[in-house]
Asker: 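Quick one: this structure, given as structure tokens, is what I'll be asking you about.
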Amino acid sequence: MKKIYLTTAIPYVNGRPHVGHSLDYLLADVCARYHRLLGDEVRLQAGTDEHGGKIFQKAEDNGLDVQQYVDNNVEFFKSFIEQMGISYTDFVRTTDEEHVKRCQEIWMRLSDHIYSAEYEGWYCDGCERYITQKEYDENGGVCPDHQKPYSRLKEQNYYFRISDFKDRIRDAIESNEMKIFPEYRKREILRLIEESPDVSVSRPVSQLKWGVPVPGDSGQTMYVWIDALSNYLTVLGYPDVDVDDWWPAEVQFLGKDILRFHAIIWPAMLIGLGLPLPKNMVTHGFILSNGQKMSKSIGNVVDPLEVLEKHGRDAFRYYYLKHIDTFNDSDFTWEMFDDAYNNELANDLGNLVQRVATLAYKNGLQEVDTNELYKMSDEYVEFMDSFEYTKAFEYVWGLIQGLNRRIDVEKPWVIAKNGELDKLKDCLSSLVGELLVANYLLSPFLPDTADRIYQVFGKPIAPPEIPLFPKA
RNA sequence: CGUGGGGUAGAGCAGUCCGGUAGCUCGUUUGGCUCAUAACCAAAAGGUCGUUGGUUCAAAUCCAACCCCCACAACCA
């Protein structure tokens, strides 16, 4: 029995939950439930990133108090996470008093690697942000959104000296001390490390008010990096609490877009703090809509709550865990979602449960000895341990389809007609047993369904009154 | 010549490292069955494996060149 700490990336709460947010949670949740089956003690973190200019701006635009605005949005995320059935144990908000305090302490512990420098660049007053030289050239020196010429600005920033840690990080990634999944992302990061400059970790208060004050400098506010990334530690109580039991994290789940920060800035922070690096980083792809990235301007955004409502929580989890590739971009369409529900969940699994339960019930099989049943095959464990959840799920589905086939081959109804009672009992017990094994392996993916199946085949065995996955 | 991923049946994908009858799921057609949610099972049809050239007895797989899509390079999950 091990202690396992898993993390999810904390979403920026300047809007409502997006379907893309769900992948982090689902993957982490499957991992958590799997480890609990193995008998491990698991802590699963979730949280929200609530500082920054964009949120401040958005709140003002809506005429709301900023804290009130984020409080509101956080509720949407929390309820979304709960609706997906995520078994998190800890929740952190970057506006939590404790987080702010601990995060400042972390900053101070990193101070040997933080220096002050002047930043100079092109700035748009309308966008309230610096732009790159390339963007400046492309737009001919005028902001296309605001029709105003960019101005040359200088400001004081604190920088975090990434160069102090590069060698150590490269070694850790190359040697798989901090293992990055999938493999090709590891190569990508190794290349990126070489050209990573020191990062700016603060902004003048005049530019960024809504954030954690830099300790010892009232004129500066922390920029997102140290504030947000440190959540993985502050939620455990670091540095006030001894976190050796839980840190390093077993797995950190994140989207491919933020891997660079998690694989470079974050390890640099950890090394600076004298802490070990996370053991695994799992990066998932994006969910596309008809092959395109979802975006408000294209108008192809899929509302996750709508998907959740359509066929319920487990259908949602089923689609995202089986049909959305764990590592690569995959498509979501309502058509594919409905097909998956009707053809796979309802026809394969729901109907299988129905027919096996009915066979057992009609033939007087009351219960099945469940001892010795709950074991994991090597194949399953291998997939689960390498975070190939889509493949693990497919493996389990193969068992389910195999059972449907077996029933047709063995024809228990014929055995019953012939009055071969012992043979019938063996056949049915074995079918129920195998179904329960498949259900056991299924439980990290579809926890609610798994519970219902356990109920159906509890004492006494009885077909469900309402089918598991009713069709419209 | 930026970096990375990809182009295999109508759709979604595996197979490519270690060359040897092209596979899975869905859809389509036909047949079977009746325990079951018109569900389940079986069979069939359907592919110049992006293009061209090379190596080889043999190439989806190795090599070379090229074409096309996507992502990242800029806090869009």
Side-chain angles (χ1 to χ4, degrees), chain A residues 8-12 14-15 17-25 49 52-54 129-135 138 182-192 195 199 223-225 228 254-261 283-288 291-298 301 304 322-325 327-331 333 335-336 338-340 342-363 390-391 394 397-398 401 403-417 424 427-428 431 463-464 466-472:
Chain A
T8 58
I10 55 175
Y12 195 59
N14 62 340
H18 181 282
V19 266
H21 292 116
S22 55
L23 284 179
D24 270 17
Y25 299 121
D49 176 16
K54 279 189 188 167
R129 68 181 184 102
Y130 282 93
I131 56 143
T132 59
Q133 184 65 43
K134 192 179 171 191
E135 199 174 345
E138 278 172 4
E183 183 81 21
Y184 60 82
R185 297 248 175 255
K186 168 177 166 179
R187 297 199 296 270
E188 203 174 281
I189 288 297
L190 283 171
R191 213 165 292 111
L192 273 171
E195 58 199 49
V199 286
Y223 189 53
V224 61
W225 311 126
L254 52 274
K256 64 177 185 181
D257 55 327
I258 51 174
L259 174 63
R260 38 203 336 236
F261 316 126
T283 60
H284 62 251
F286 283 168
I287 298 170
L288 309 177
Q292 281 180 308
K293 196 163 168 175
M294 291 185 197
S295 96
K296 282 181 189 160
S297 47
I298 301 175
V301 176
K322 185 152 180 289
H323 290 287
I324 300 285
D325 188 280
F327 303 123
N328 296 311
D329 293 358
S330 307
D331 229 24
T333 64
E335 196 191 351
M336 288 196 291
D338 289 339
D339 276 356
N342 287 317
N343 298 325
E344 298 171 40
L345 277 176
N347 293 353
D348 286 352
L349 179 59
N351 182 52
L352 174 67
V353 168
Q354 201 79 26
R355 64 199 297 214
V356 172
T358 305
L359 277 168
Y361 181 72
K362 283 188 179 170
N363 292 295
T390 313
K391 287 183 183 154
E394 257 161 35
W397 218 256
Q401 290 172 319
L403 275 171
N404 269 323
R405 204 169 303 131
R406 226 188 101 189
I407 295 174
D408 276 62
V409 171
E410 298 189 5
K411 305 189 197 330
W413 54 92
V414 173
I415 303 176
K417 218 178 253 175
L424 180 64
C427 169
L428 293 178
L431 284 172
I466 304 162
L468 257 53
F469 300 101
K471 291 192 193 174

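Each chain gets a letter, A, B and so on, in the order its sequence line appears, and its residues count up from 1. Only heavy atoms go into these numbers, but all of them, side chains included; no hydrogens, no water, no symmetry mates.
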Asker: Applying a 4.0 Å non-hydrogen cut-off, can you work out what A:G350 is touching in the nucleic acid: base, sugar-phosphate, or nothing?
Answerer: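 Answer is base: heavy atoms of A:G350 come under 4.0 Å of a base.
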Asker: Atom NZ of A:K322 to atom C1' of B:C13: distance rounded to whole Å?
Answerer: 11 Å
Asker: Within this structure, what is the CG-to-P distance between A:L428 and B:A36, rounded to whole angstrom?
Answerer: 13 Å
Asker: By nearest heavy atom, map A:R185 and A:K256 onto RNA chain B; which one lands nearer the 5' end?
Answerer: A:R185
Asker: From the list B:A77, B:U37, B:G5, which nucleotide is the closest neighbour of the side chain of A:R187?
Answerer: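 In terms of side-chain proximity for A:R187, the closest of B:A77, B:U37, B:G5 is B:G5.
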Asker: How far does the P atom of B:A77 sit from the matching atom of B:C72, given to the nearest Å?
Answerer: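 Their P atoms lie roughly 11 Å apart.
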Asker: Determine the Euclidean distance between corresponding P atoms of B:C33 and B:A42; express it in Å to zero decimal places.
Answerer: 15 Å
Asker: Say we look at B:U51 and B:G10: how far apart would their P atoms be, to the nearest angstrom?
Answerer: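 Pairwise P distance, B:U51 against B:G10, rounds to 14 Å.
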Asker: Would you mind classifying the nucleic acid contact of A:I258 as base, sugar-phosphate or nothing, using non-hydrogen atoms under 4.0 angstrom?
Answerer: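 No contact at all - A:I258 keeps every heavy atom at 4.0 Å or more from the nucleic acid.
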Asker: Just wondering, are more than 12 heavy atoms of other shown residues or ligands nearer than 6.0 Å to CZ in A:F261?
Answerer: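 Correct, the count exceeds 12.
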Asker: Rounded off to whole Å, could you give me the CD1-to-P distance for the A:I287 and B:C76 pair?
Answerer: 17 Å
Asker: Among B:U34, B:C40, B:U37, which is the nearest nucleotide to the side chain of A:A346?
Answerer: B:U37
Asker: RNA chain B: A:L468 or A:V224, which has the more 5' nearest nucleotide?
Answerer: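 Its nearest nucleotide lies further toward 5', so the answer is A:L468.
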Asker: From C-beta outward on A:E344, which listed nucleotide comes closest to its side chain: B:U25, B:A36, B:A77?
Answerer: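 Out of B:U25, B:A36, B:A77, the nucleotide with an atom closest to A:E344's side chain is B:U25.
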Asker: Could you let me know what B:A9 is paired to, Watson-Crick or G-U wobble, both distances under 3.5 Å, or none if it's on its own?
Answerer: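 Matched B:A9 with nothing under the 3.5 Å cut-off.
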Asker: Does B:C33 have its OP1 or OP2 closer than 4.0 Å to a side-chain nitrogen or oxygen of A:K411?
Answerer: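 Answer is no, no contact under 4.0 Å.
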Asker: Under a 3.5 Å cut-off for both distances, is B:A73 Watson-Crick or wobble paired, and to whom?
Answerer: none
Asker: Find the partner of B:C66: check Watson-Crick (N1-N3 plus N6-O4 or O6-N4) and G-U wobble (N1-O2, O6-N3) distances, both under 3.5 Å, and reply none if neither fits.
Answerer: B:G50
Asker: If I take atom CG in residue A:D329 and atom P in nucleotide B:A77, what distance separates them, rounded to the nearest angstrom?
Answerer: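 My rounded result for the distance is 14 Å.
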Asker: May I ask you to say what A:D348 touches in the nucleic acid, namely base, sugar-phosphate or nothing, with a heavy-atom cut-off under 4.0 Å?
Answerer: sugar-phosphate
Asker: Counting the atoms with a prime plus P, OP1 and OP2 as sugar-phosphate, which does A:P467 contact under 4.0 Å by heavy atoms, base, sugar-phosphate, or nothing?
Answerer: base
Asker: Sticking with atom P, work out how far B:A73 lies from B:A65, rounded to a whole angstrom.
Answerer: 28 Å
Asker: Can you identify which nucleotide, out of B:A77, B:A39, B:C40, has its nearest atom closest to the A:K471 side chain?
Answerer: B:A39
Asker: Using the C1' atoms only, state how far B:G47 lies from B:G12, rounded to an integer number of Å.
Answerer: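 That atom pair is separated by 15 Å.
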Asker: Could you tell me how far apart A:D325 (CG) and B:G5 (P) are, to the nearest whole angstrom?
Answerer: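 These atoms are roughly 15 Å apart.
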Asker: Locate the shortest heavy-atom distance separating A:Q354 from A:P464; write the atom from each residue and the value.
Answerer: OE1-CG, 3.6 Å
Asker: Let's test this: given Watson-Crick or G-U wobble pairing with both distances under 3.5 Å, identify the partner of B:A44.
Answerer: B:U28
Asker: Where the side chain of A:F469 is defined as all heavy atoms beyond and including C-beta, which of B:U37, B:C40, B:A77 is the nearest nucleotide?
Answerer: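 Within the option list, the nearest is B:U37.
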Asker: Considering all heavy atoms of both residues, which atom of A:L428 and which atom of A:A360 are nearest to each other, and what is their separation?
Answerer: CD1-CA, 4.2 Å
Asker: A:N343 side chain N/O closer than 4.0 Å to the phosphate oxygens (OP1, OP2) of B:G27?
Answerer: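 True: A:N343 side-chain N/O within range (under 4.0 Å) of B:G27 OP1/OP2.
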Asker: Measure CG/A:N363 against P/B:A36 and give the value in whole Å, please.
Answerer: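 A:N363 atom CG is separated from B:A36 atom P by 11 Å.
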Asker: If I pick the P atom on B:U21 and the same atom on B:U61, what distance separates them, to the nearest angstrom?
Answerer: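 The same atom, P, in both gives a distance of 14 Å.
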Asker: Quick one: label A:L352 by what it contacts on the DNA or RNA (base, sugar-phosphate, nothing), any heavy atom closer than 4.0 Å.
Answerer: nothing
Asker: Reckon A:N347 has a side-chain N or O less than 4.0 Å from the OP1 or OP2 of B:C40?
Answerer: yes
Asker: Looking only at atom P, what distance separates B:A59 and B:G50, rounded to whole Å?
Answerer: 15 Å
Asker: To the nearest Å, give me how far apart NZ (A:K362) and P (B:U34) are.
Answerer: 13 Å
Asker: Can you tell me how far the CG atom of A:D331 sits from the CD1 atom of A:I287, to the nearest 0.5 Å?
Answerer: 10.0 Å
Asker: Look at A:R191 and B:G4 and indicate whether a side-chain polar atom (N or O) is within less than 4.0 Å of OP1 or OP2.
Answerer: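 Result: yes.
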Asker: Can you tell me, in whole Å, how much space there is between the C1' of B:G6 and that of B:C18?
Answerer: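 Looking at atom C1' only, B:G6 and B:C18 are 23 Å apart.
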Asker: Taking C-beta and beyond as the side chain, do A:N363 and A:P412 meet within less than 4.5 Å on heavy atoms?
Answerer: no
Asker: Can you find an N or O donor on one side and an acceptor on the other, under 3.5 Å apart, linking the side chain of A:N351 with the base of B:A36?
Answerer: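 Between B:A36 and A:N351, which were checked side chain against base, a qualifying N/O pair under 3.5 Å is present.
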Asker: Can you tell me the pairing partner of B:C33 across any strand shown, Watson-Crick or G-U wobble, with both distances under 3.5 angstrom?
Answerer: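 Here B:C33 is not engaged in any pair, so there is no nucleotide opposite it.
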Asker: Let's see if you can work this out: which of B:U37, B:G32, B:U25 has an atom nearest to the side-chain heavy atoms of A:D408?
Answerer: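 It is B:G32.
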Asker: Which nucleotide sits closest to the side chain of A:L359: B:C35, B:A42, B:G4?
Answerer: B:C35
Asker: Could you tell me how far apart A:L259 (CG) and B:C72 (P) are, to the nearest whole angstrom?
Answerer: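 One finds 13 Å between P of B:C72 and CG of A:L259, rounded.
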Asker: Kindly give the heavy-atom pair with the smallest separation between A:P11 and A:Y25, and that separation in Å.
Answerer: CD-OH, 3.3 Å
Asker: How long is the straight-line distance from CG of A:L254 back to CG of A:L23, given to the nearest 0.5 Å?
Answerer: 12.0 Å
Asker: Can a side chain N or O of A:R260 be found less than 4.0 Å away from OP1 or OP2 on B:C72?
Answerer: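 So the side chain of A:R260 is outside the cut-off, no N or O lying under 4.0 Å from OP1 or OP2 of B:C72.
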Asker: State whether A:K391 places a side-chain N or O below 4.0 Å from either non-bridging phosphate oxygen (OP1 or OP2) of B:A14.
Answerer: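 It does not, given that no N or O in the side chain of A:K391 lies less than 4.0 Å from OP1 or OP2 of B:A14.
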Asker: Compare every heavy atom of A:D325 with every heavy atom of A:S330, then report the nearest pair and how far apart it is.
Answerer: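 Residues A:S330 and A:D325, closest heavy atoms: OG-N, 2.9 Å.
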Asker: How long is the gap from CG on A:L259 to CD1 on A:I189, to the nearest 0.5 Å?
Answerer: 4.0 Å
